[in-house]
Amino acid sequence: MQDFRNLNVWRKAHELVLIIYRLTAHFPPEERFGLRSNLRRLATEIPSVIASGSAKRTDPEFARCLDSAIGFSAVLEYHALLARDLEMFREADYNYAYEQIVEVRKMIISLAKRIG
């Protein structure tokens, strides 16, 4: 069990949430409960399950939470692609979000390998 705030991967995932919130701030009002909400929820799930996992008593339990975070990152990647294709993300914003999502996923995978 450890303080999630001390994990570099959690900090990077938290930064990703802030990025997604900023990038979705200009979405059309009709997306308030649609794609904007989904992107924000998915982004938030990643550091949330990392935090939850860090409080588990065993490494295998933590690894299962990290697997969930990897899954959320894949779904977030798809929703970002959808936002780009629907022209809600500019190409540059999508590229930036994509790079951040991939970096976070790589960090999660690396941590999962170390503990699992």
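Sequential numbering from 1 along the given sequence is applied to the chain's residues.
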Practice item. Taking the side chain as every heavy atom from C-beta outward, state whether Thr24 and Phe89 have any atom pair closer than 4.5 Å. Key: yes

Review point. About how many Å separate CD of Glu99 and CD1 of Ile19, when rounded to the nearest 0.5 Å?
Key: 10.0 Å

Practice item. Mind checking the NZ-CG spacing from Lys12 to Leu16? Nearest 0.5 Å is all I need. Key: 8.0 Å

Review point. Is Leu81 close to Glu77 at the side-chain level, that is, under 4.5 Å between some pair of heavy atoms?
Key: no

Review point. Side chains of Val104 and Gln100: closer than 4.5 Å at any heavy-atom pair?
Key: no

Using a 3.5 Å cut-off and no angle test, enumerate the donor-acceptor pairs between side-chain atoms of residues 106-116 and protein atoms at least two apart in sequence or in another chain.
{"from": "Ser110", "atom 1": "OG", "to": "Arg114", "atom 2": "NH1", "distance (Å)": "3.2"}

Check your understanding: What pair of heavy atoms forms the shortest contact from Arg11 to Arg5, and how long is it?
Key -> NH1-O, 2.7 Å

Which atom pairs, one a donor and one an acceptor, fall under 3.5 Å between side chains of residues 66-74 and the rest of the protein, sequence neighbours left out?
{"from": "Ser68", "atom 1": "OG", "to": "Arg64", "atom 2": "O", "distance (Å)": "3.4"}
{"from": "Ser73", "atom 1": "OG", "to": "Ile70", "atom 2": "O", "distance (Å)": "2.6"}
{"from": "Ser73", "atom 1": "OG", "to": "Arg105", "atom 2": "NH1", "distance (Å)": "3.1"}

Practice item. Would you name the heavy atoms of Ala97 and Leu23 that are closest together and state the gap between them? Key: CB-CD1, 3.9 Å

**Study point:** Heavy-atom pair with the smallest gap, counting every atom of Phe62 and Ile50
**Key:** CE1-O, 3.8 Å

Review point. Looking at Val49 and Cys65, what are the two nearest heavy atoms and their distance?
Key: O-CB, 3.5 Å

**Study point:** Thr58 backbone acceptor or donor facing Glu61 side chain under 3.5 Å
**Key:** yes

Review point. Excluding sequence neighbours, so at least two apart, what forms ring-ring contact (aromatic ring centres under 6.0 Å, His included) with Phe4?
Key: Trp10

Practice item. Grab the two heavy atoms, one from Leu39 and one from Ala83, that are nearest each other, plus how far apart they are. Key: CD1-CB, 4.2 Å

Practice item. Not counting sequence neighbours, list each pair that qualifies as a salt bridge (charged side-chain N to carboxylate O under 4.0 Å, His left out) and has a residue in residues 35-53. Key: none

Exercise for review: Provide the full list of side chain to side chain donor-acceptor pair (under 3.5 Å) pairs with a residue in residues 84-97, sequence neighbours left out, each pair given once.
Suggested key: Arg90-Asp93

Check your understanding: Remaining members of Tyr21's ILVMFWY cluster at a side-chain heavy-atom cut-off under 4.5 Å?
Key -> Val17

Review point. When rounded to the nearest 0.5 angstrom, what distance separates CD1 in Ile101 from CD1 in Ile46?
Key: 7.0 Å

